[in-house]
Amino acid sequence: MSRFGSTRTAYLLVWTFLLVNLVIVETMFAHPAAPARNTLGSIGRFLGLHLGFVMALQVLLIARLPYLERRIGMDKLTNWHRWTGFAVFWLVLLHPTFVLLGFAELGRTSVFAVVADLAAQTPVLLGMIAAGLVGVMAVTSVRAARRRLSYEAWHAVHLVVYVMLLLVVIHQVYEGSSFNAGTLTRFYWWGLWACAIIALLTNRLVVPLVRNARHQLRVVAVVPETDQAVSVYVGGHGLQRLRTRPGQFFWWRFPGHNTWWQVNPWSLSAAPDGRTLRLTAKAIGTTSAGLRQLPVGTRVYAEGPYGALTTVRRTRRDALLIAGGIGITPIRALLEDPDLTGDIVVLYRARTPGEAVLLGELRDLAHRRGARLHLLTGRTSRENQPFSAAGLRGLVPDIAERDVYMCGPAPMADAVLSSLRALRVPAHQRHIEAFRLAV
């Protein structure tokens, strides 16, 4: 199977999974254990069933399933996770609203009286707490709030997702009559949730623990690159067994130097050689700014490798590599990949030449690989729009005949993607990883 075919198969499996499960959920709603006593209650049950399914889907998305992550990419999965999260928020808002209105209509009383009565029941109270936690996560995920929160603070807030999941499962066990209408219904519903939770625990806890125990990662060197950027070299046992590819990233923790919940996704800035892994970060948040003070010998806990920004997804002979700011790190590693052959063009966007991290290494690699490197500096303006459709066509006239790899800030990624669509670069030739927040 071709690399393009493998990605297409992954998308087909995702859509098949969604459609099959939605059909089952609709069937469960059409054949309840007991009919709803009024229309409002029926709507509440309908929303509750879909809320339970969407939450299970969200658990699968944050489980970082290797099959999907390697074929679809973390950027796309993170985007799905974000929109699924907002779907969960609205369902969490609407499901209890209609349930409460239904009970209020039946009892001919106020919604507030119903709330007080139901809150006295522990399973319902736990569901209310879970709904509140979903609200907190949704509010902190709004773009305006994300801009005011450091990545470390945002990630710490979103750790409550695990508490919320526990409360949701307890709520479903005691209050989910639709999930327990019959043997087949129970088998399907709890099988779905069991698979989601097992996937989450396996990929987010068990596999990382085993790998870190096996490889015993430690900091072997810390090298300042610029006033704002630093490279950290990590060594360990049998690193070749990780099967890391240039362009991928890890989630990094430094126990003993930072608190345990501080974790950051940083790409490898050099092709893995089986002896060390190198990450390069810019001082943006608390953790990245503190990397300069990492003592040699510090224990490292890493989850990964992740990322589909690799030559595995390549479909054309020639390639265009685009980087913005510290997004140069996976692009620089890709440029070192021997599987990246053909004619190569690199576009590196930085505000000034002095802020262009790893520029000397890039120039050396470009010279050795026969690649063309364009350093694009200055503020974006009407006269300086290198990533507009016209700008890209001017720099790379045959862009539609190339695989395009891009890593950088989300606004830049959106602009590049819009231009690539305008230039009719096929979707299977576009490989983009943006700086988006992920749990």
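Given the structure is predicted, the values throughout are model-derived calculations rather than measurements. Side chains are part of it too, since the values below use all heavy atoms of this structure and drop only hydrogens, waters and symmetry mates.
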Here the gap from F89 atom CZ to T84 atom OG1, rounded to the nearest 0.5 Å, amounts to 15.0 Å

Does the side chain of L61 reach to within under 4.5 Å of the side chain of Q58, using non-hydrogen atoms?
-> yes

Give the ring-plane orientation class for W252 versus F254, where under 30° counts as parallel, over 60° as perpendicular and anything between as tilted.
-> parallel

Under 3.5 Å, side-chain donor or acceptor atoms of residues 324-333 against the rest of the protein: list the pairs with distances, not counting sequence neighbours.
residue: T329; atom: OG1; partner: I326; partner atom: O; Å: 3.2
residue: R332; atom: NE; partner: S269; partner atom: O; Å: 3.2
residue: R332; atom: NE; partner: E361; partner atom: OE1; Å: 2.7
residue: R332; atom: NH1; partner: E336; partner atom: OE1; Å: 2.4
residue: R332; atom: NH2; partner: E361; partner atom: OE1; Å: 3.0

Any donor-acceptor pair under 3.5 Å from S419 side chain to A389 backbone = yes

For Q216 and G236, indicate whether the former's side chain and the latter's backbone hold a donor-acceptor pair under 3.5 Å.
-> no

What is the ring orientation for W80 with Y11, classed by angle as parallel under 30°, tilted 30 to 60°, or perpendicular over 60°?
-> perpendicular

What is the distance from atom CD1 of I24 to atom CG of L19, rounded to the nearest 0.5 Å?
-> 11.5 Å

Of all heavy-atom pairs linking G247 and L334, the shortest is CA-CG, 4.3 Å

Note, H215 side chain near L242 side chain (heavy atom, < 4.5 Å) = yes

Residue pair E69 / L77: nearest heavy atoms and the distance that separates them = CA-CD1, 3.7 Å

Criterion salt bridge (Lys or Arg N to Asp or Glu O under 4.0 Å) on R211 and E303, from CA distance to verdict = CA-CA 8 Å; R211 285 182 174 171; E303 293 179 49; over 6 Å; no

Interatomic distance, CG@L392 vs CG@L420, rounded to 0.5 Å, equals 6.5 Å

Exercise: identify the closest heavy-atom pair between H95 and L51 | CD2-CD2, 4.1 Å

Value for CE (M412) from CD1 (I432), rounded to nearest 0.5 Å, stands at 9.5 Å

Output the distance between atom CD1 (I344) and atom CG (D403), rounded to the nearest 0.5 Å.
-> 11.5 Å

Hey, what do you get for CG (L93) to CG (L47), rounding to the nearest 0.5 Å?
-> 10.5 Å

Residue pair L320 / L395, side-chain heavy-atom distance below 4.5 Å = no

